[in-house]
Amino acid sequence: ASHAPITPTKNRTVVPVARAGHGHAGVWYDVRVVLNGTVATGYWRERGTSTWTQMGSVEAYSDYAPNFVGIGAERGGYLDNVGFGPASAVTLTSVSSLRDVAKGTEVTLQGVPVSAAFGGEFYVEDDNRTAGIGVLYAGSVPVGTRATIWGTLTTSADGERMIQAIDVSTGGMFEIAPLGVTNKSMGGGQVGVTGGVGVNTIGLLMRTTGRAANPTANGFMLDDGSGVALTVANAGDNSGYDGAYVAVTGISSIGPGGAR
């Protein structure tokens, strides 16, 4: 077969049947092609299973029908005669659109700004800072870039909605500025934190001030006199903050039992 550069639309899904003679005859697969610029990455899973495995190569075949693709699988050989089918993931361009999407749904979130990154997770939010969400991902994602995320909606042990990423690509720049609020407004209502008021701020980059107290190796408490004390997660020696009036910038999140 003659090979041509692959030019599928970003995040298209293909559903192949393995060709006889290649060791997988009669087995159905779900295959997904993800584009990062001009680099195509393929993933496969056996129909009915949930684990995706990255392919060794992705090539278009010019001697087959238009939009047919061959996937070089790690299990050996090629899965030939692979036709593009409808996208299995819900494709969205804003974090706020996720509010009506059920847990367990596979989603593609396109071009959203990265506001913060920590070990094993990062956060994204809409350009207008109306909604944000955490993404569980082992790779490195630079803050200030735009990310396209393919993954599954899940919920943390503390009830915070997050995306368990399968694949992440970045491109373009957009720096998010933190929103300033009082301690009492941090977290917000509408399925925010327990006793929260105002706009839901979970997942957003925020800034607040107050007097630090009860420092530990994991952080300290922050009280601005509004009647609500916040837990500030900050690994390391926090003893120098004890009693000091400080300004804190970070992600608004849900703690155990719905705490702020």
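In what follows, residues are counted from 1 in the order of the sequence shown.
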Any donor-acceptor N/O pair, [X] side chain to [Y] backbone, under 3.5 Å:
X	Y	result
Arg146	Gly111	yes
Asp126	Val95	yes
Arg211	Gly243	yes
Asp167	Ala165	no
Asp237	Ser239	yes

With a 4.5 Å cut-off on side-chain heavy atoms, are Thr152 and Val107 touching?
no
When you compare the side chain of Thr108 with that of Thr148, does any pair of heavy atoms fall below 4.5 Å?
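Yes, their side chains come closer than 4.5 Å.
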How is the hydrophobic cluster of Leu205 composed, in terms of its other members, when Ile, Leu, Val, Met, Phe, Trp and Tyr link through side-chain heavy atoms under 4.5 Å apart, directly or indirectly?
Phe118, Tyr123, Leu136, Met162, Phe174, Ile176, Ile251
Starting from the C-alpha separation in whole Å, work towards a yes-or-no answer on side chain to side chain donor-acceptor pair (under 3.5 Å) for Ser253 and Glu160.
CA-CA 7 Å; Ser253 187; Glu160 183 174 339; 2.5 Å; yes
Using a distance-only test with no angle check, is there a side-chain donor-acceptor pair under 3.5 angstrom linking Asn183 and Thr208?
yes
Can a side-chain donor-acceptor contact be found between Asn218 and Thr216 if the only test is distance below 3.5 angstrom?
no
Under a single-linkage definition using a 4.5 Å side-chain heavy-atom cutoff for Ile, Leu, Val, Met, Phe, Trp and Tyr, are Leu92 and Ile149 assigned to the same hydrophobic cluster?
yes
With sequence neighbours excluded, what pairs up with Ala117 under the side chain to side chain contact (heavy atoms under 4.5 Å, CB included) test?
Phe122, Val143
Pairing residues for Val181 by the side chain to side chain contact (heavy atoms under 4.5 Å, CB included) criterion, not counting sequence neighbours:
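Val181: side chain to side chain contact (heavy atoms under 4.5 Å, CB included) contacts with Ser185, Met186, Met206.
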What ring pair (Phe, Tyr, Trp, His ring centres under 6.0 Å) pairs are there with at least one residue in residues 210-253, not counting sequence neighbours?
Phe220-Tyr241
Using the test salt bridge (Lys or Arg N to Asp or Glu O under 4.0 Å), find all partners of Arg129 that sit at least two apart in sequence or belong to another chain.
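Here no residue qualifies.
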For Asp242, enumerate each residue passing the salt bridge (Lys or Arg N to Asp or Glu O under 4.0 Å) test, keeping only those at least two apart in sequence or located in another chain.
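So Asp242 forms no salt bridge (Lys or Arg N to Asp or Glu O under 4.0 Å) with any residue.
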From Arg161 CZ over to Lys103 NZ, what is the distance, rounded to the nearest 0.5 angstrom?
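That separation rounds to 10.0 Å.
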